[in-house]
Amino acid sequence: MITKQAERMEEARNSYTASELLAAVSCRLLQGKRRVFAGIGLPTLAVALAQKSSSPDIEQIYESGVCGAHPPRLPETIADASLATGAEAILTMPVLFGYVLQGGWIDVGFLGAAQIDRYGSLNTTVIGPWHAPKVRLPGSGGAVEVMANSHEVFVVLRRHNPESFVDKLDFCTSPSLAAARKAAPKVPTRGLGVTTVITDLGVLKADETGELCLASVHEGVTVEQVRAATGWPLRLMESITVTAAPTPEELRLLREEIDPSRVYLR
Amino acid sequence: MITKQAERMEEARNSYTASELLAAVSCRLLQGKRRVFAGIGLPTLAVALAQKSSSPDIEQIYESGVCGAHPPRLPETIADASLATGAEAILTMPVLFGYVLQGGWIDVGFLGAAQIDRYGSLNTTVIGPWHAPKVRLPGSGGAVEVMANSHEVFVVLRRHNPESFVDKLDFCTSPSLAAARKAAPKVPTRGLGVTTVITDLGVLKADETGELCLASVHEGVTVEQVRAATGWPLRLMESITVTAAPTPEELRLLREEIDPSRVYLR
Amino acid sequence: MTNKQFSLQDAVSELVSDGDVVALEGFTHLIPFAAGHEIIRQGIRDLTLVRMTPDIVADQLVGAGCVSKLIFAFTGNSSVGSLYAIRRAVENGSVSPIEIEEYSHYGLLARYQAGASGVPFMPIRSYAGSDLPGVNPNLKRVTSPFDSEVETYVVPALNPDVAIVHAQRADASGNVQSWGILGPQQEVAFASRKTIVLVEEIVDDGVIRSDPNRTIIPGFAVDAVVECGYGAHPSFAQGYYDRDNDFYRAWSDISKDPQKLEQWIQEWIHDVGNHAGYLNKLGNNYFERLTPVALLSTPVNYGSVL
Amino acid sequence: MTNKQFSLQDAVSELVSDGDVVALEGFTHLIPFAAGHEIIRQGIRDLTLVRMTPDIVADQLVGAGCVSKLIFAFTGNSSVGSLYAIRRAVENGSVSPIEIEEYSHYGLLARYQAGASGVPFMPIRSYAGSDLPGVNPNLKRVTSPFDSEVETYVVPALNPDVAIVHAQRADASGNVQSWGILGPQQEVAFASRKTIVLVEEIVDDGVIRSDPNRTIIPGFAVDAVVECGYGAHPSFAQGYYDRDNDFYRAWSDISKDPQKLEQWIQEWIHDVGNHAGYLNKLGNNYFERLTPVALLSTPVNYGSVL
């Protein structure tokens with residue numbers, strides 16, 4: 001009996017949810033970065049984990065102008081009053097968008113999307129034609145600005161499937177660097193564009209041309225599975241790694257210190 | 001003896017300095033105005049006098065961003081700490097210059113100058129050529145913006161002489177409405193330009209073409225005197241009035257309530 | 001100092017008209033719900049609603065039929081569901097469609113900035129390669145006069161007829177103070193022809209004047225100031241009440257069914273009569289669980305030599 | 001949080017180099033005199049000095065031979081006299097002339113704004129008909145892409161190598177708070193490649209974090225923060241000390257005579273060795289007459305539900 005219980009406990013310690021994996025993977029990718037522009041959710045966990053492990057100086061900056069947040073409890077939404085409580089700075093919107101974002105102070109912008117193409121252009125606007133949408137999505141918000149102004153962009157898509165990873169977007173809300181340069185070569189661009197896409201199947205990385213290629217698969221996922229889930233002929237990086245599982249310490253931090261009431265750790 | 005003393009007192013009450021006259025005249029011209037953009041000095045006295053007499057709602061707005069100042073004592077300079085103490089608002093510079101001034105919220109802008117021409121263009125930059133100045137003056141500061149964005153501009157020049165009232169400016173720092181429209185007809189203008197010039201000799205007012213014409217002379221000043229002191233053939237308004245002397249109440253307010261230590265009332 | 005205090009009813013009826021371009025602003029914080037409800041109550045129609053982030057209050061205004069056009073950058077209800085009234089009005093086959101004009105956050109904010117600043121346009125670094133310029137002719141590209149090899153996108157000035165915002169406090173002459181997340185309230189107030197500000201409390205002008213840097217909108221730029229406690233509910237007012245997340249989570253379900261939505265509007269907006277009625281219907285102790293622990297700012301010294 | 005505390009000497013020697021474009025900002029209030037003196041002390045040369053309102057500190061820097069070019073909007077010493085070192089350097093027949101580049105206040109401020117915002121230029125409503133565009137090719141006119149009948153002037157982005165500003169307080173990681181008249185400090189800090197901030201006091205980060213809206217420059221945009229009490233003298237720091245008007249009145253007389261000026265610089269900048277020496281030379285009770293009566297801001301509540 002005792003042995004069985006110990007085994008189950010051991011198993012529980014070693015198993016992890018998709019959110020925990022994505023948070024741990026994102027955290028590792030953030031190593032060496034300083035200023036992360038992101039909303040609430042997975043990026044919050046990733047930044048919090050980075051702060052408590054590899055990157056104590058990493059800082060999350062919010063679209064609302066909050067910098068150096070020290071919320072007395074884990075914020076439930078981007079509109080959580082606790083984000084303002086005890087923050088180091090709350091900047092005005094013109095300062096946040098004009099000076100901080102456009103001024104080039106962001107190392108990593110985190111974005112999500114309904115659709116992504118092979119160079120990292122994102123659609124958050126519509127499914128179907130803009131003038132007669134099948135599904136109206138929220139729209140850009142600050143995504144166009146985050147894409148154009150961050151030194152690099154991480155995209156997190158929890159569902160890797162051919163409807164999301166498309167050959168051609170229904171609408172290009174936030175263009176990849178390649179798309180921006182092609183459309184308007186005289187408009188200055190900044191940084192590297194989308195360098196990293198983190199999904200439930202693996203991690204895609206941009207090659208030197210900006211094309212997103214498979215760099216690693218999560219444990220138990222095959223390359224063929226990822227290819228089948230991608231709406232363009234997915235190229236592979238020279239060597240595909242298997243994503244390392246979250247370490248016991250990462251899991252402990254996430255579960256016990258960062259999100260003990262499992263607000264985001266679904 | 002008693003009679004003589006009473007006479008002297010009566011005389012003192014009725015006599016007034018140039019500053020007191022200019023403050024009283026400026027105050028009357030401010031009737032019905034709400035927001036005055038001005039520095040320290042004569043305009044401060046004029047606005048304070050207006051607040052205490054004809055225009056209790058009039059408000060002075062400072063280039064530094066201070067609105068609704070309630071200084072605990074009369075400020076000595078534009079950089080007086082007391083201007084911030086107890087003010088209703090201190091706006092940032094982008095808000096003051098961008099939103100308040102360019103946004104068109106100023107009824108009357110007060111300006112001074114080294115030279116003025118017949119349409120109210122002002123020189124505060126150089127005497128002599130810009131590239132090899134005889135005298136280098138402070139430059140525009142905010143004057144170009146005050147001129148371009150106030151609904152009307154009052155100019156105060158304490159010394160009315162041909163060196164100041166010139167046919168042609170050495171340098172046009174802040175252009176009259178006429179000069180602005182001629183130089184760049186497609187750049188939108190606002191308001192009336194310079195409507196009023198207050199000097200130690202009298203008051204000039206703009207006619208319908210914007211030309212500054214003599215409207216009134218101070219007590220004891222002749223029209224010929226003003227003409228001789230003006231570097232262009234000065235036209236006269238249809239009827240020239242004699243500036244009314246400061247009333248005893250105006251003098252009492254200036255001397256006893258507004259500037260008892262005679263900071264500005266030289 | 002002119003007294004600019006209005007009742008909410010008078011402020012809306014005197015300053016908002018059918019056909020106006022009305023900006024309701026507030027970015028996640030201080031969303032002017034009570035003002036939106038009063039617009040619905042007064043049956044104002046044919047509005048062009050400008051809002052960077054149309055959310056539940058926009059869904060309510062669209063659902064109530066007040067809006068004919070929406071100018072926006074992001075329309076959603078965080079991660080807790082959709083805004084179905086807006087989706088019904090803009091998705092294919094809509095029975096009562098509304099026109100939309102779409103930006104990114106900074107695109108619309110820069111329109112307010114240009115409008116407030118009296119300049120014809122404002123440059124912005126993004127939009128190259130986006131499909132947005134293809135559906136919005138207000139996103140244009142110009143060449144820099146300083147370098148013919150450099151182009152930038154620009155957006156035109158926007159000057160709404162009326163701005164409506166909510167803040168923590170003001171004095172009776174309309175000097176408005178706010179803290180926490182500030183949103184585009186200052187920009188839209190200066191950009192608009194008329195401005196209505198709702199506040200949690202009207203305070204003595206001595207309170208305002210003890211901290212003049214906290215004033216985000218000076219009295220002269222305000223046409224009406226309305227005391228309206230809890231007027232941002234279900235949004236929040238930093239230091240007064242937190243966000244009512246339960247309400248946000250419940251909205252999708254109401255908004256999804258047109259009949260349910262109509263019923264909700266009848267019950268919570270029309271039948272309650274006014275904001276006091278709305279609070280009354282929420283119940284006496286409703287805000288207890290949303291009331292913050294006090295964490296006060298350290299005072300600063302504005303003194304000078306006397 | 002990275003510790004960014006520097007001594008004044010280290011901040012200037014590590015971050016300011018010969019030939020740099022250095023912006024010293026502060027509008028009537030919080031003028032970084034101590035930093036200017038340290039630049040003179042270190043004999044830094046060939047600077048392009050950017051300052052909206054070159055005043056006594058600029059006159060000192062020019063008089064000490066640190067400046068080869070001045071970018072400005074207004075150069076004067078209020079109504080109490082001239083800045084003769086600057087006048088000697090720019091008036092006809094100057095023996096050691098400096099180059100000047102001249103704007104209006106908003107023209108130069110808008111250059112900072114464009115520089116901070118990463119856009120090539122910023123539109124501005126004025127300059128039509130002024131002679132300034134004739135002597136400054138950076139004032140250009142463009143046609144609005146939204147209406148070919150509308151033109152506007154624009155100014156190009158400015159990105160100084162170093163911004164130097166003074167503020168009331170900061171924490172050790174460089175989150176800077178200021179109140180009273182704010183000047184262009186926020187704009188120039190974001191526009192510049194490096195930023196040095198001098199403050200009256202380094203405070204515990206709990207003080208800063210009790211009032212996050214008061215932070216005008218976040219720590220990440222600051223390279224060095226220097227504790228330097230009375231570092232704005234003879235200018236002022238709201239709530240700390242008022243302006244030393246006697247000094248301003250005395251300056252013309254010093255500045256007018258090149259020998260007197262050289263002597264003053266030797267005595268008050270070089271011989272004192274550092275800012276502590278300067279304060280020491282002013283004397284023990286010097287600031288008594290300039291010390292303000294305390295008038296504290298009413299605290300606001302930043303609390304939230306725990």
Side-chain angles (χ1 to χ4, degrees), chain C residues 114 117-125 137-138 140-147 150-157 168-169 177-182 203 206-208 210-214 236 238-243 289-306, chain D residues 114 117-125 137-138 140-147 150-157 168-169 177-182 203 206-208 210-214 236 238-243 289-306:
Chain C
S117 303
V119 292
F121 58 81
M122 193 64 78
I124 163 166
R125 277 186 59 89
N138 278 336
K140 287 204 191 297
R141 210 157 77 214
V142 299
T143 300
S144 168
F146 301 104
D147 182 346
V150 171
E151 292 180 340
T152 184
Y153 273 85
V154 294
V155 294
Q168 280 108 329
R169 69 188 185 193
Q177 298 195 330
S178 190
W179 58 94
I181 292 163
L182 296 178
V203 296
V207 172
I208 298 296
S210 80
D211 198 356
N213 289 107
R214 192 86 69 192
F236 69 111
Q238 191 82 38
Y240 288 77
Y241 46 95
D242 274 21
R243 191 170 190 258
R289 73 188 164 92
L290 301 174
T291 300
V293 171
L295 282 167
L296 300 184
S297 62
T298 308
V300 302
N301 185 1
Y302 279 95
S304 49
V305 173
L306 292 190
Chain D
S117 303
V119 292
F121 58 80
M122 193 65 80
I124 164 166
R125 277 186 60 89
N138 278 336
K140 288 206 190 295
R141 211 157 77 215
V142 299
T143 301
S144 168
F146 301 103
D147 182 346
V150 171
E151 292 179 342
T152 185
Y153 274 85
V154 294
V155 293
Q168 281 107 329
R169 68 187 186 194
Q177 299 198 328
S178 189
W179 56 95
I181 292 163
L182 297 179
V203 295
V207 172
I208 298 296
S210 80
D211 198 357
N213 289 108
R214 192 87 70 193
F236 68 111
Q238 191 81 38
Y240 288 76
Y241 45 95
D242 275 21
R243 193 171 188 259
R289 71 188 164 92
L290 300 174
T291 300
V293 171
L295 282 167
L296 300 184
S297 63
T298 309
V300 302
N301 186 1
Y302 279 94
S304 50
V305 173
L306 294 189

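Because the structure is a prediction, the values reported are computed rather than measured. So that the names make sense, note that chain A is the first sequence line, chain B the second, and so on, each numbered from 1.
- Of the listed residues C:D242, C:V119, C:L290, C:V150, the one with more heavy-atom pairs under 4.5 angstrom with chain D than any other is C:D242.
- With respect to chain D, the highest number of heavy-atom pairs below 4.5 Å among C:P299, C:S210, C:S297 belongs to C:S297.
- In this structure, the portions of D:S144 lying under 4.5 Å from any heavy atom of chain C include both its backbone and its side chain.
- The most heavy-atom pairs under 4.5 Å with chain C, out of D:I124, D:V300, D:D211, D:L296, come from D:V300.
- At least one donor-acceptor pair under 3.5 Å links the side chain of D:Q168 to the backbone N or O of D:Q238.
- Minimum heavy-atom separation, D:G239 to C:N301: O-ND2, 3.1 Å.
- Contact tally against chain D (heavy-atom pairs below 4.5 Å) for C:P145, C:A114, C:G206: the top residue is C:P145.
- C:W179 places no side-chain N or O within donor-acceptor distance of the main-chain N or O of D:P212, the cut-off being under 3.5 Å.
- In this structure, chain C has a heavy atom under 4.5 Å from the backbone of D:R289, while its side chain stays farther away.
- Using a 4.5 Å cut-off between heavy atoms, D:V203 does not touch chain C at all.
- For D:D147, no part lies under 4.5 angstrom from a heavy atom of chain C.
- Both the backbone and the side chain of D:P123 have a heavy atom closer than 4.5 Å to some heavy atom of chain C.
- Once rounded to the nearest 0.5 Å, the distance linking CZ of C:R214 with CG of D:N213 reads 6.0 Å.
- Contact count against chain C (heavy-atom pairs under 4.5 Å) is highest for D:F121 among D:Y240, D:F236, D:F121.
- Heavy-atom distances place the side chain of C:V142, and not its backbone, under 4.5 Å from chain D.
- Per-residue counts of heavy-atom pairs under 4.5 Å with chain D were compared for C:G180, C:S178, C:A294; the largest is that of C:G180.
- Of all the heavy atoms in D:V207 and D:Q177, the pair that sits closest is O-OE1, 4.4 Å.
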